[in-house]
Amino acid sequence: MKSKKNIHFEISERKVLLRAFDLLFVYFTLHFVSNFLKFEYFQVSGQSFWWVFVLGFYLMLFGTVFQAYHLPIASNQFQATKSIILTTSFTVLVYLLTPILTPSLPNNRMQIVIFYFSILFGLLLWRIFYVKFLASQRFVKKVLLVCDTDQAEQLTKDIQKVDPHFHIVAYLHTDKYELDLEDLKKYPWISLSDLDQFVTKNYLSEIVIASQKTEFISADLYHYLIKYLEKGIIIREYTQLYEDMVQRIPVHYLNKDFYKYFPFSRSNQNQLYLLFIRFVDVLASILGLLLMLLILPIILIGNLLGNKGPLFYAQERVGKNGQSFTIFKFRTMVKDAEKDGAVFAAKNDYRVTKFGKFLRKSRLDELPQFWNILINDMSLIGPRPERPIFVEQIANTMPFYETRHIIKPGLTGWAQVNYSYGDSLEDSLIKLQYDLFYIKHRNVFLDINILIKTLSTVLFYKGQ
């Protein structure tokens with residue numbers, strides 16, 4: 001069988017590529033400018049190693065905050081340009097305002113202008129090249145999906161929503177019976193007898209096994225898979241692919257296979273990690289409460305004019321090990337918002353006041369929860385705590401929902417930074433998948449990722 005290797009990078013590899021060439025183009029542009037123009041503020045050399053490192057750190061930090069490494073944004077020229085301008089502006093501003101870590105401010109203001117536009121030009125030059133010549137062509141991966149006929153549509157949507165370069169060229173069905181004409185029209189199904197010829201002709205990059213009906217996966221198919229594996233074609237199980245790409249646990253797909261979620265992250269029992277997290281929680285809660293006191297007069301005036309009622313709102317929530325506690329927030333809804341019974345908060349909820357919308361979009365309504373963090377009911381990061389009545393409803397229809405309660409709930413979490421406001425059981429299922437992913441992979445680097453994405457949400461005024 002002939003082989004043809006197409007260029008393809010995984011999602012994580014593409015992000016590394018973006019970061020590496022961002023730095024390379026910026027450093028090269030600054031070095032070029034310093035040699036050919038009267039630019040002396042920033043020199044790329046071994047003697048200025050620390051200054052070069054700090055600039056790179058700021059670029060990576062603000063690039064992450066402004067989503068320059070979010071692949072759908074990086075592949076869109078307009079959105080990528082917007083992100084790069086914001087990244088450059090904040091990088092240069094903070095770089096100039098931290099002279100202890102960076103060169104002394106230049107006396108000639110033109111040096112600052114050259115510094116800014118050199119970084120901006122370097123980033124834009126690389127990102128234009130990326131969008132035009134790489135993002136749309138070089139990352140396509142040809143994939144064969146082995147699945148049941150009733151799975152094809154949902155599996156395809158889930159995968160290509162995350163990575164449009166993951167192109168499913170055909171489907172091999174594992175149903176016991178032959179396909180009808182409607183099935184054949186809807187998707188490019190192939191039979192096992194045509195598999196060898198198809199793989200040879202189409203130069204597949206990967207075969208994904210998604211069928212749950214293992215009794216219909218024949219010995220002949222296993223034989224083919226082993227042969228293709230030996231020839232360098234990647235063979236992956238769908239749940240592994242889904243978790244790697246979507247970064248959530250596919251509980252809707254695995255049904256009762258609870259063993260697939262273990263082992264959960266060792267960090268959940270690591271005393272050093274937990275002690276460090278508690279230290280960060282206490283420090284963050286003190287700073288958060290001080291911030292709340294500083295802006296409290298403004299919120300009091302806004303509440304008086306826009307909410308016309310109590311400032312704070314207390315509500316029972318379910319915490320670690322299923323224990324209930326009282327959560328505190330600034331009130332954002334009209335009084336007696338639930339006089340007809342508890343209901344999910346919805347997007348554009350009519351019960352939310354005008355000032356309440358501002359509090360929610362800016363996330364300022366969450367500030368009183370720093371008190372919950374200080375008294376150890378909550379943590380800075382974790383699954384968002386839900387109300388007992390909703391926990392009971394959701395747990396009755398959704399497997400593993402109460403698994404969220406093995407760690408403390410959080411002010412922000414992996415589900416919150418990756419998914420919009422949930423107002424239904426279907427939304428709760430998706431958020432559960434993210435929460436279980438966090439519990440399974442919990443570590444310091446994932447926590448930092450969540451904090452940076454939360455900061456991005458606040459800066460872009462994207463709260464719900």
Side-chain angles (χ1 to χ4, degrees), residues 1-17 71 134 137-179 183-184 187-250 253-255 257 259-263 437 440-441:
M1 184 172 65
K2 295 180 181 179
S3 64
K4 179 182 176 181
K5 291 292 184 182
N6 293 324
I7 297 175
H8 178 82
F9 293 107
E10 298 293 344
I11 290 175
S12 59
E13 293 170 331
R14 274 176 259 166
K15 290 180 179 179
V16 170
L17 184 73
L71 294 181
L134 295 180
Q137 300 177 24
R138 296 296 184 184
F139 298 135
V140 173
K141 174 183 279 192
K142 292 183 178 180
V143 180
L144 172 70
L145 185 63
V146 181
C147 66
D148 310 328
T149 54
D150 59 354
Q151 296 176 304
E153 183 174 3
Q154 188 60 48
L155 295 179
T156 304
K157 284 181 180 178
D158 287 345
I159 291 175
Q160 295 192 331
K161 186 186 295 183
V162 180
D163 187 1
H165 301 111
F166 201 89
H167 181 48
I168 300 176
V169 294
Y171 302 79
L172 179 66
H173 75 94
T174 56
D175 295 336
K176 186 176 182 180
Y177 305 102
E178 292 297 321
L179 301 175
D183 288 325
L184 289 170
Y187 294 102
W189 294 96
I190 63 171
S191 63
L192 188 60
S193 59
D194 299 325
L195 181 59
D196 228 354
Q197 181 182 359
F198 180 86
V199 172
T200 303
K201 182 180 178 180
N202 289 276
Y203 308 110
L204 291 182
S205 306
E206 187 166 332
I207 298 175
V208 176
I209 313 297
S211 176
Q212 292 176 294
K213 301 174 183 176
T214 54
E215 66 272 20
F216 296 150
I217 299 180
S218 65
D220 289 338
L221 177 55
Y222 279 120
H223 172 74
Y224 279 120
L225 293 177
I226 291 172
K227 180 174 70 172
Y228 299 146
L229 186 64
E230 291 173 347
K231 292 184 178 295
I233 295 177
I234 299 170
I235 311 292
R236 274 204 283 185
E237 198 264 335
Y238 174 75
T239 56
Q240 174 196 353
L241 173 72
Y242 186 97
E243 189 172 333
D244 289 344
M245 290 179 62
V246 186
Q247 294 189 308
R248 63 181 198 243
I249 303 291
Y253 179 78
L254 293 173
N255 295 326
D257 296 338
Y259 67 91
K260 300 240 182 178
Y261 304 134
F262 286 95
F437 181 90
K440 182 176 180 180
H441 298 279

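The shown structure was predicted, so the numbers you read here are calculated from the model rather than taken from an experiment. FYI, the numbering just counts along the sequence from 1.
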| said: Determine whether Leu225 and Ile209 satisfy the following criterion, side chain to side chain contact (heavy atoms under 4.5 Å, CB included), listing intermediate values before the conclusion. | reply: CA-CA 10 Å; Leu225 293 177; Ile209 313 297; 3.8 Å; yes
| query | More than 12 non-hydrogen atoms from neighbouring residues, nucleotides or ligands closer than 6.0 Å to CD on Gln197, yes or no? | reply | no
Write down the atom of [X], the atom of [Y], and the distance for their closest heavy-atom approach.
X: Leu172; Y: Leu144; value: N-CD1, 4.0 Å
X: Leu229; Y: Ile235; value: CD1-CG1, 3.9 Å
X: Phe166; Y: Lys141; value: CE1-CD, 3.6 Å
X: Val208; Y: Tyr238; value: CG1-CA, 3.8 Å
X: Leu155; Y: Cys147; value: CD1-CB, 3.9 Å
X: Phe437; Y: Ile249; value: N-CG1, 3.5 Å

| message | Measuring only between side-chain heavy atoms, which start at C-beta, is Leu221 closer than 4.5 Å to Val146? | response | yes
| field | Heavy-atom check, side chain of Ile234 versus side chain of Ile207, under 4.5 Å | value | no
| field | Lys142/Glu206 ion pair, N-O < 4.0 Å | value | no
| request: Check the angle between the aromatic planes of Tyr224 and Tyr228 and answer parallel, tilted or perpendicular using the 30° and 60° thresholds. | output: parallel
| Between the side chains of His441 and Glu243, is a donor N or O closer than 3.5 angstrom to an acceptor N or O? | yes
| task | Check the pair Val143 / Leu204 against side chain to side chain contact (heavy atoms under 4.5 Å, CB included), numbers first and verdict last. | result | CA-CA 6 Å; Val143 180; Leu204 291 182; over 6 Å; no
| said: If the condition is side chain to side chain contact (heavy atoms under 4.5 Å, CB included), which residues does Asp194 pass it with, not counting sequence neighbours? | reply: Ser191
| message | Which residues pass the side chain to side chain contact (heavy atoms under 4.5 Å, CB included) test with Ile226, not counting sequence neighbours? | response | Glu230
| request: Determine, stepwise, if the pair Lys231 / Val199 fulfils side chain to side chain contact (heavy atoms under 4.5 Å, CB included). | output: CA-CA 11 Å; Lys231 292 184 178 295; Val199 172; over 6 Å; no
| Out of curiosity, Ile233 CD1 to Ser205 OG, how far, rounded to the nearest 0.5 Å? | 8.5 Å
